[in-house]
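First up is the structure itself, then whatever we jot down about it.
In what follows, every heavy atom counts, from backbone to side chain, and hydrogens, waters and symmetry copies are set aside.
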Amino acid sequence: MEPVAVGLIGAGPWAEMAHAPMLAESPHTRLAGVWARRPESAARLGAPVFERVEELFDACEAVAFCVPPDVQAELGVRAARVGKALLLEKPLAGSLDGARRLAAAVAEAGVPSQMVLTLRYAAETRAFLARCAEIDPFGGHAANISGSLMGDHPFATPWRLERGALLDVGPHVIDLLDAALGPITGVRAHGDPLTWVGLLLEHEGGAVSEASLCQAGVGELPPSSFAVYGRKGSAVLAHGDGDPLAAVAEEFARTVRQGGGHPLDAAHGLRLQEIIAEAESQVRAL
């Protein structure tokens with residue numbers, strides 16, 4: 001399979017740590033160039049730097065995004081309209097309206113899309129989900145506790161400091177519980193996204209789950225955890241040391257080359273955003 005030429009939009013810490021190495025090192029993709037608001041940051045990523053985003057579009061078959069959600073929503077629409085496949089970060093957008101516009105643009109253009117929900121690409125996660133499918137699950141819980149909004153953490157960026165855990169780590173947790181226990185049909189939320197949020201999720205078929213989200217922890221903190229319980233046993237997500245980004249690049253290249261869909265596409269990202277928007281509205285109403 002010929003490597004897919006992918007242009008990268010964004011040159012922040014996550015682009016430097018994850019996206020640029022993933023696209024450059026995978027045998028299935030080629031980092032065709034970078035566009036960023038700060039050209040000096042883009043120059044560190046080891047690929048041609050473009051002054052205008054349209055020039056990047058001309059140099060690639062697909063576009064990967066590593067920018068704030070509102071920027072992704074705006075530029076993602078533009079990329080879809082010129083026929084580029086999209087590798088999208090979570091969340092899909094900064095607002096539900098933005099997510100709807102982007103998902104609609106992807107559908108209208110008929111371009112492939114795929115979300116970088118990194119947990120879902122890990123071998124340990126796939127084994128966990130396979131086990132969940134065997135146990136007739138009725139409930140589960142998850143916790144994602146970190147200090148990533150504190151001090152000079154590289155991910156304490158303006159949009160995260162404003163919106164907090166629901167919009168940042170919420171997509172990962174909600175997506176995995178949705179996959180493990182069935183499609184989410186209802187959400188109840190309480191707390192503060194900048195300190196601690198609790199979610200009670202209702203799933204199709206009657207299962208329920210609970211999730212705790214926090215990015216304001218200090219000191220030594222536990223790793224994230226996921227556990228599911230069913231009528232035929234239980235499943236706990238094991239922690240591994242593999243690199244899920246290798247699978248992201250390979251699956252994205254296959255999605256682009258085969259022209260088919262991917263389970264974690266823009267439409268799936270929109271569904272997650274709808275759940276998060278409802279949780280945010282409940283928290284704001286408290």
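Checking side-chain atoms of S26 against main-chain N and O of L23 turns up no donor-acceptor pair under 3.5 Å. In terms of modelled atom types and a separation under 3.5 Å, the side chain of R231 and the main chain of F138 share no donor-acceptor contact. Judged by distance alone, with hydrogens and angles left aside, the side-chain atoms of D265 form no donor-acceptor pair with the main-chain N or O of S113 at under 3.5 Å. R163 places a side-chain N or O within 3.5 Å of a backbone atom of G94 that can act as its donor or acceptor partner. Checked by atom type and distance alone, the side chain of S148 never pairs as donor or acceptor with a backbone atom of F155 at under 3.5 Å. Between the side chain of K90 and the backbone N or O of H172 there is no donor-acceptor pair closer than 3.5 Å. The main-chain N or O of P91 is never found under 3.5 Å from a side-chain atom of Q273 such that the two would form a donor-acceptor pair. Distance alone, capped at 3.5 Å, is enough to place a donor-acceptor pair between the E61 side chain and the A5 backbone. In this structure a side-chain-to-backbone donor-acceptor pair under 3.5 Å is present from R131 to S234. Under a 3.5 Å cut-off, the side chain of Q72 and the backbone N or O of L92 do form a donor-acceptor pair.
Here R188 pairs with E202 in a salt bridge; the nearest charged N to carboxylate O distance falls below 4.0 Å. Ionic pairing of R78 and E54 is present here: one or more N-O contacts between side-chain nitrogen and carboxylate oxygen are shorter than 4.0 angstrom. With salt bridges taken as basic N to acidic carboxylate O contacts below 4.0 Å, one links D168 and R160. Using a 4.0 Å cut-off between charged nitrogen and carboxylate oxygen, R254 and E251 do not count as a salt-bridge pair.
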Audit row: L264, D175, side-chain contact (heavy atoms from CB on, under 4.5 Å) steps and yes/no: CA-CA 9 Å; L264 306 180; D175 169 64; 4.1 Å; yes

H203/L177 under side-chain contact (heavy atoms from CB on, under 4.5 Å): CA gap, chis, key distance, verdict: CA-CA 9 Å; H203 300 260; L177 290 172; 4.3 Å; yes

Audit row: Y121, R126, side-chain contact (heavy atoms from CB on, under 4.5 Å) steps and yes/no: CA-CA 7 Å; Y121 297 88; R126 289 174 172 177; 3.7 Å; yes

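We find the NE2-CG distance between H19 and L8 to be 6.5 Å, quoted to the nearest 0.5 Å. Taken to the nearest 0.5 Å, the CG atom of L199 stands 8.0 Å off from the OG atom of S212. Distance check, rounded to the nearest 0.5 Å: CG of L119 to CD of E124 gives 10.5 Å. To the nearest 0.5 Å, the span separating CD1 on I145 from CG on L213 amounts to 7.0 Å. How far CZ of R257 is from CE of M1: 7.0 Å, rounded to the nearest 0.5 Å. Atoms CG and NZ, on L56 and K84 in that order, are 9.0 Å from each other to the nearest 0.5 Å.
In this structure, L201 and D178 have side chains that are not in contact, with every pair of non-hydrogen atoms separated by 4.5 Å or more. Between V4 and H28, the closest side-chain pair of non-hydrogen atoms is not below 4.5 Å. D97 places a side-chain heavy atom less than 4.5 Å from the side chain of R101. Side chains of P171 and I276 form a contact here, defined as non-hydrogen atoms less than 4.5 Å apart.
Minimum interatomic distance between G7 and C60 (heavy atoms only, all atoms of both residues): N-CB, 3.5 Å. Taking all atoms of both residues into account, the shortest heavy-atom contact from F65 to G76 is CZ-CA, 3.5 Å. In terms of heavy atoms, C132 sits closest to P137 at O-CD, 3.4 Å. Across every non-hydrogen atom of A11 and A36, the tightest pair is CB-CB, 3.7 Å. When all heavy atoms of V116 and L245 are compared, the pair lying nearest together is CG1-CD2, 4.4 Å. Contact between A266 and A103 at its shortest, heavy atoms only, is O-CB, 4.2 Å.
Counting heavy-atom neighbours within 6.0 Å of E134 CD, excluding the residue itself, gives a total above 12. The local environment of CD in E40 is crowded, with over 12 non-hydrogen atoms from other residues, nucleotides or ligands closer than 6.0 Å.
Residues M150 and W159 fall into different hydrophobic clusters, defined by Ile, Leu, Val, Met, Phe, Trp and Tyr side chains chained together at heavy-atom separations under 4.5 Å. In this structure, V82 is a member of the same hydrophobic cluster as V53, with clusters built from ILVMFWY side-chain heavy atoms closer than 4.5 Å. Placement of L237 and Y229 in two distinct hydrophobic clusters is found when ILVMFWY residues are connected by side-chain heavy-atom separations under 4.5 Å, directly or transitively.
With respect to V197, the side-chain contact (heavy atoms from CB on, under 4.5 Å) criterion is satisfied by exactly one of V169, L166, D192: L166.
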